[in-house]
Engineer: 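Pasting in a structure now, in structure tokens, and then I'll have a few things to ask.
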There are 2 protein chains.
Amino acid sequence: MAQKRVAVPVYYGIATDLRDAIESGELSPGELIPSEAQLCETYGVSRMTVRQGLNLLSEAGYINSVPGRGSFVVHPSYERVLIEVQPTRLPDGSLPDCLMLEIGFHRADSSVAQALDIDEGADVQVIRRVLGANGDPICFDRIFVPPDWDLNEIEEEAAPVAQFVSRLAEHPFLHVKLTIRGREAEPEAAAHLKLPEPPFAIHVEQQILSAEADPVAWAVSVFDPEGYRLKGEFGPVRRRL
Amino acid sequence: MAQKRVAVPVYYGIATDLRDAIESGELSPGELIPSEAQLCETYGVSRMTVRQGLNLLSEAGYINSVPGRGSFVVHPSYERVLIEVQPTRLPDGSLPDCLMLEIGFHRADSSVAQALDIDEGADVQVIRRVLGANGDPICFDRIFVPPDWDLNEIEEEAAPVAQFVSRLAEHPFLHVKLTIRGREAEPEAAAHLKLPEPPFAIHVEQQILSAEADPVAWAVSVFDPEGYRLKGEFGPVRRRL
DNA sequence: TAGTGGTCTAGACCACATA
DNA sequence: ATGTGGTCTAGACCACTAT
């Protein structure tokens, strides 16, 4: 009735009003927010409009709706964090530079064989590269992919590992399991990154899986801990379909 | 019309059908998916039902809708990752154990003063603790909070830093900026974690901000890189309201 | 001008929870 | 029995894009 087009949608206003009430402490975690019927009356809108607003709140992790009971303010979860694994843009807006060391065939050692679920000694293709910012090397990584992939069509050499693999894969929608470790870098990595002694570095290991959960690629990225920091913000769990 | 209640909702079926078409390569990134009107006809449902399905796909990061043009399959982004900063549950289901070393007042040194935007030498409260798994210490951290907070009402001693602070804060909906670094641990941390020489460790620094973006707490967690690994999965960017 | 997605209405039936 | 959220209908007007 009183909705202004061009301005913010009504449902968005409902969501932000409730968000503000939650963040200000007017509504505390565990409490019920007003029912959908009440909100319809308060705002003078239909139920679908109210539900659209509540959907935003729910997506953003503020409320949890329970059939037959109502919508509760959620205790915020701070267990999971969204981080950037690798900058596609440097702080000044430029792209990281990439030095391609090798694109070729190797035989899988035991760790690669295990990660890719193949036999030890089987053929794999390896991409080795050094990524840097303004001439300073900050990341050395090796990406292992199946021997039958065509690596001539690489477009973005400096792309993050999973993005890189995703572009090469036949079906680009992949799933990634990632581990971040701190440990001593092997001599090759230490040399490329010019690490001081002892050459300690952050290691990001990525196992990349197809939609059918078969491993399709494996990568280890070694970061110079002085030149690069993983930064993140808190976010909710991905809504998996 | 032909919808079966009790079974999966129609809109969910629409979403998963399209998801499968996208993941199988039937629909490629950059392509348009069928229009809402077409999907209404295909599935014999109303437009709101179709839109509910498309909303799921959009939330999950598969499509991007553009007014006046249509809904496009998105190039999957692999720049950001969802990780667990600290396990609330250990692999065997048990809770981490917590050794409280200190809850008391200190004077802010320069790094704390900067992080909390207060004067150097001002009073801060400090919580120092060691978290462990099955008796093995894996994390040593220090949490700096304002001097006027009441720390007698701590419930979950072993909670992740931000969760810990969130419970203490007047308004529990906080924003967190986080940095992960690899560097040498200071002697105290090295001793608590029984790190070998050189005592290298993963450092997680968390600056916790109020809804008004004022810093309210600051924490540094030192992880034993052998005893703990940050693990993550890829997810979409948080929908911020 | 025709088609698209964005917003919104005013209903409806259902399963579920509470009292 | 009442109230809640979950699902769904059959329309509507709008702004935007492409032709």
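Throughout, protein chains are lettered first and strands after them, A, B, ... in sequence-line order, and every chain is numbered starting at 1.
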Engineer: Taking the axis from the first five pairs and the axis from the last five, what angle separates them in the helix from dT1(C)-dA18(D) to dT18(C)-dA1(D), rounded to 10 degrees?
Structural biologist: 0°

Engineer: List every contact pair, protein side and nucleotides 1-3 of chain C side both N or O, where the distance is under 3.5 Å.
Structural biologist:
residue: dG3(C); atom: N2; partner: Gly68(B); partner atom: O; Å: 3.3

Engineer: Whole-Å distance between dT4(C) C1' and Ile63(B) CD1?
Structural biologist: 13 Å

Engineer: Verify the contact: side-chain N or O of Arg51(A) to OP1 or OP2 of dG6(D), cut-off strictly under 4.0 Å; return yes or no.
Structural biologist: yes

Engineer: Using whole Å, what does the distance between atom P of nucleotide dG3(D) and atom CD1 of Ile33(A) come to?
Structural biologist: 19 Å

Engineer: Ignoring backbone atoms, test whether Tyr11(B) places a side-chain nitrogen or oxygen under 4.0 Å from the OP1 or OP2 oxygen of dC8(D).
Structural biologist: no

Engineer: When rounded to the nearest 0.5 angstrom, what is the spacing between CG in Leu131(A) and OG in Ser221(A)?
Structural biologist: 8.0 Å

Engineer: Using only atom types and a distance under 3.5 Å, with no angle test, would you say the side chain of Gln207(B) pairs donor to acceptor with the backbone of Ala115(B)?
Structural biologist: yes

Engineer: Round to a whole Å and report the spacing from CD of Glu41(B) to P of dT9(D).
Structural biologist: 14 Å

Engineer: Nearest whole Å is fine: how far is dC8(D) C1' from Met48(A) CE?
Structural biologist: 8 Å

Engineer: Apply side-chain contact (heavy atoms from CB on, under 4.5 Å) to Gln52(A) and list each qualifying residue two or more places apart in sequence or on a separate chain.
Structural biologist: Tyr11(A)

Engineer: Do Thr42(A) side-chain atoms and Gln38(A) backbone N/O form a donor-acceptor pair below 3.5 Å?
Structural biologist: yes

Engineer: Side chain of Arg47(A), heavy atoms from C-beta onward: which of dT7(C), dT4(C), dA12(C) has the nearest atom to it?
Structural biologist: dA12(C)

Engineer: So does Glu157(A) get a backbone contact from the side chain of Arg129(A), meaning a donor-acceptor N/O pair under 3.5 Å?
Structural biologist: yes

Engineer: Nearest to the side chain of Pro9(B) - dT7(D), dT7(C), dG5(D)?
Structural biologist: dT7(D)

Engineer: Just how far is it from atom CD of Glu23(A) to atom CG of Leu18(A), taken to the nearest 0.5 Å?
Structural biologist: 11.5 Å

Engineer: Specify the separation, in whole Å, of atom CD of Gln52(B) and atom P of dA10(D).
Structural biologist: 15 Å

Engineer: In whole Å, what is the span from the CG atom of Asn64(A) to the P atom of dA17(C)?
Structural biologist: 14 Å

Engineer: Partners of Arg69(A) by salt bridge (Lys or Arg N to Asp or Glu O under 4.0 Å), sequence neighbours excluded?
Structural biologist: none

Engineer: Looking only at the side chain of Ser65(B) (C-beta and beyond, no hydrogens), which of the listed nucleotides dG6(C), dG5(D), dT4(D) gets closest?
Structural biologist: dG6(C)

Engineer: Please enumerate all residues that pass side-chain contact (heavy atoms from CB on, under 4.5 Å) together with Pro172(A), with sequence neighbours excluded.
Structural biologist: Ser166(A), Pro29(B), Pro76(B)

Engineer: Without decimals, in angstroms, what is the distance between Leu39(A) CG and dT9(C) C1'?
Structural biologist: 17 Å

Engineer: Round to a whole Å and report the spacing from CG of Leu32(A) to C1' of dG5(D).
Structural biologist: 12 Å

Engineer: Ignoring backbone atoms, test whether Thr49(A) places a side-chain nitrogen or oxygen under 4.0 Å from the OP1 or OP2 oxygen of dT9(C).
Structural biologist: yes

Engineer: Which of the following nucleotides, dT7(D), dG5(D), dG6(C), is nearest to the side chain of Glu36(B)?
Structural biologist: dG6(C)

Engineer: Scan residues 24-33 of chain B for pairs that pass side chain to side chain donor-acceptor pair (under 3.5 Å), counting only residues two or more places apart or in two chains.
Structural biologist: none

Engineer: Kindly say whether Leu151(A) contributes a backbone atom to a donor-acceptor pair with the side chain of Gln125(A) at under 3.5 angstrom?
Structural biologist: no

